[in-house]
Amino acid sequence: MGINEVHDYVQFFLKKENGGYVSHEEIDKALDMASMNKFTELFGNVKQYQPGRPVPSVSYGISIRIHEDLRKFKVKSVLGTGATANGVVALPSDYFHIVNLILTYSDATNGQQYAPVKIINENELAQRLDSQILKPTQERPICVIGASSIQVYPSVAFAGEFSYLRRPAKPKYNYTVSGRQQIFNPTGSQDLEWPDDCTADIINKALVILGARVNDETVVAISQAKDQAGA
């Protein structure tokens, strides 16, 4: 569903319920907030974590459906030793969440080998580095995620694969003004990047936001019901 269709539906629904006006810029902001809400819902809402249950009821990796819904945001890059000096992997500008980091190396007996890099907290690092048993090795690497990079241990250059989820692009309805008319211009516009069934959920979430914006309890109630039902 293109951004033009999305805006048409949102404006139609708001006018139908309360006859109010919401600008295209406000709709774009609400859609972006709703898109990020959907992303958090699928990847894993940390507010749903419980003691003894370290994953929320819906989170990345639980089902194929979630992988499919997030497929357009998956990015995979091959790392060469030239890009990982001292074990440092720079985070790309569009980085949002890590999916996995794999170190590759050659074994004289078995050939090409793959070692998943375990993510640890900073408070565990010193203990792991000093441990005779848990000390990181090429076969059992660890890493700590920083503000702009990932530090891998052993802290030496390595080859591997880095997969992450990028941020969904911000939707934009671009238009030109002719008299009192706002005419949609596809050039410079940005569609929602989600599959159509997810787009429906995002529209409902946006309508909840916009319903609160125009102080319409009916819009909020109807949209929340549709969002919860997945309709």
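For clarity, every value in this text was computed on a predicted model and none was experimentally measured.
- Ion pairing between a basic and an acidic side chain is recognised when a charged N comes within 4.0 Å of a carboxylate O; Glu41 and Lys38 show such pairing.
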| request: Let me see the working for Tyr95 and Val75 under side chain to side chain contact (heavy atoms under 4.5 Å, CB included), right down to the final yes or no. | output: CA-CA 9 Å; Tyr95 169 85; Val75 181; over 6 Å; no

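- Contacts of Gln182 classified as side chain to side chain donor-acceptor pair (under 3.5 Å), with partners at least two apart in sequence or in another chain: His24.
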| Test side chain to side chain contact (heavy atoms under 4.5 Å, CB included) applied to Leu101 and Leu79, step by step | CA-CA 10 Å; Leu101 178 58; Leu79 302 173; 3.8 Å; yes

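- For Phe96, the ring-ring contact (aromatic ring centres under 6.0 Å, His included) test picks out Phe39, with sequence neighbours left out.
- Panel note: side chain Ser178, backbone Gln181; no donor-acceptor pair is recorded below 3.5 Å.
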Can you give the donor-acceptor pairs under 3.5 Å from side chains of residues 120-127 to other protein atoms, not counting sequence neighbours?
unit_1 : atom_1 : unit_2 : atom_2 : d
Glu124 : OE2    : Asn121 : N      : 3.2

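- Applying the ring-ring contact (aromatic ring centres under 6.0 Å, His included) definition to pairs two or more places apart or across chains, none involves residues 125-161.
- For the side-chain contact (heavy atoms from CB on, under 4.5 Å) with Pro171, the lone residue among Leu31, Val6, Ile27 that qualifies is Leu31.
- Using a 4.0 Å cut-off between a side-chain N of Lys or Arg and a carboxylate O of Asp or Glu, Lys205 and Asp201 do not qualify as a salt bridge.
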Identify each donor-acceptor pair in which a side-chain atom of residues 133-146 lies under 3.5 Å from a protein atom, sequence neighbours left out, and give them as a table.
unit_1 : atom_1 : unit_2 : atom_2 : d
Lys135 : NZ     : Leu129 : O      : 3.0
Thr137 : OG1    : Glu139 : N      : 3.4
Thr137 : OG1    : Glu139 : OE1    : 3.4
Thr137 : OG1    : Arg140 : N      : 3.1
Arg140 : NH2    : Ile133 : O      : 2.9

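- The number of heavy atoms from other shown groups lying within 6.0 Å of CG (Asn86) does not exceed 12.
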Please list every donor-acceptor pair under 3.5 Å in which a side-chain atom of residues 184-192 meets a protein atom from a residue at least two apart or in another chain.
unit_1 : atom_1 : unit_2 : atom_2 : d
Asn185 : OD1    : Thr187 : N      : 3.1
Ser189 : OG     : Asn174 : N      : 2.9
Ser189 : OG     : Asn185 : O      : 2.7
Asp191 : OD1    : Ile3   : N      : 2.8

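- In this structure, Glu25 places its CD atom where more than 12 heavy-atom neighbours from other residues, nucleotides or ligands lie under 6.0 Å away.
- When all heavy atoms of Val22 and Gln11 are compared, the closest pair comes out as O-NE2, 3.8 Å.
- Side chain of Ser155 to main chain of Gly87: no donor-acceptor pair is present (N/O by atom type, distance under 3.5 Å, no hydrogens or angles).
- More than 12 heavy atoms of other residues, nucleotides or ligands shown are found within 6.0 angstrom of CE on Met36.
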